Amino acid sequence: LRSEKGIVFDGGIGFNWTYIQTELVYFYHQLDNSIVWVPISSLTIAPINTDRVISQGIEFSLLFTPSKFFSLGVNYTYLDAQLTRSKTQLPGRSKHKVNLKGEIKYKQFGFFFSGHYSSIIPVNLANTITIQDTYQIDGGLSWKFTPHGQITFEVKNILDENLRDVRGFPLPLRSFF
């Protein structure tokens, strides 16, 4: 493999108010010899170099904390990562991602949840193999019984969706921790 080379720019702005924190960032990456992992057979993936890639987008985050008992945060990313010759999306990257996270605390007890969305993810360079939109919801409870001791119960993939990673391999169904 050849080493990656590129020009990278990131810039953003953030604000903090009494109950709200927000941030908006723009990024631009021009990469030559980008390294991506693609399937070379039904059970094997391998790294390869690509031609020039232009990867640009925005990321927005918002955290709302009206009290020490409640918080709610959201993060959105738009990513346009294209191979410049073929104009196809870079494998393993979705155009849209949204994450949502919340927490409610009462005395030593807590309830937390998170949700994740990812739009279609191309798996190969031609974008002919894709992973469809995915949604995942997680949640749990916690009990802090001493200043240094806590018990947590968490459920990942509550809706028991058949999820796949960015290379197309299956991920666990509903899981308890």
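Everything numeric here is computed off the predicted structure, so don't read it as measured data.
Between Asp32 and Arg52 there is a salt bridge, with a side-chain nitrogen of the basic residue lying less than 4.0 Å from a carboxylate oxygen of the acidic one. Ion pairing between a basic and an acidic side chain is recognised when a charged N comes within 4.0 Å of a carboxylate O; Glu103 and Lys101 show no such pairing.
No side-chain donor-acceptor contact under 3.5 Å links Asn49 to the backbone of Ile35. In terms of modelled atom types and a separation under 3.5 Å, the side chain of Thr22 and the main chain of Ser61 share a donor-acceptor contact. The main-chain N or O of Leu125 is found under 3.5 Å from a side-chain atom of Thr88 such that the two form a donor-acceptor pair.
With sequence neighbours excluded, no residue forms a salt bridge (charged side-chain N to carboxylate O under 4.0 Å, His left out) with Glu161.
By the 30° and 60° cut-offs, the orientation of the rings of Phe153 relative to Phe176 is parallel.
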>> Let's go through Tyr78 and Glu59 carefully: what are the C-alpha distance in whole Å and the side-chain angles of both, what is the deciding distance for side chain to side chain donor-acceptor pair (under 3.5 Å) to 0.1 Å, and is it a yes or a no?
In response: CA-CA 6 Å; Tyr78 170 76; Glu59 186 166 337; over 6 Å; no
>> Pair Glu154, Phe112 - check side chain to side chain contact (heavy atoms under 4.5 Å, CB included), show working.
In response: CA-CA 9 Å; Glu154 184 172 5; Phe112 55 92; 3.9 Å; yes
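For residues 123-135, every residue pair satisfying the side-chain hydrogen bond (donor to acceptor under 3.5 Å, both in side chains) rule, not counting sequence neighbours, is listed here: Tyr117-Asp133, Asn124-Thr128, Thr130-Gln132.
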Report, one line per pair, each donor and acceptor closer than 3.5 Å where one atom sits in a side chain of residues 144-152; sequence neighbours left out.
from, atom 1, to, atom 2, distance (Å)
Thr146, OG1, His148, N, 3.3
Thr146, OG1, Gly149, N, 2.8
Gln150, NE2, Thr152, OG1, 3.2

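For the atom pair OG1 (Thr84) and CG (Leu31), the distance works out to 10.5 Å, reported to the nearest 0.5 Å. With values rounded to the nearest 0.5 angstrom, Asp138 atom CG is found 11.5 Å from Phe113 atom CZ.
Aromatic ring centroids of Tyr19 and Trp17 lie 6.0 Å or more apart.
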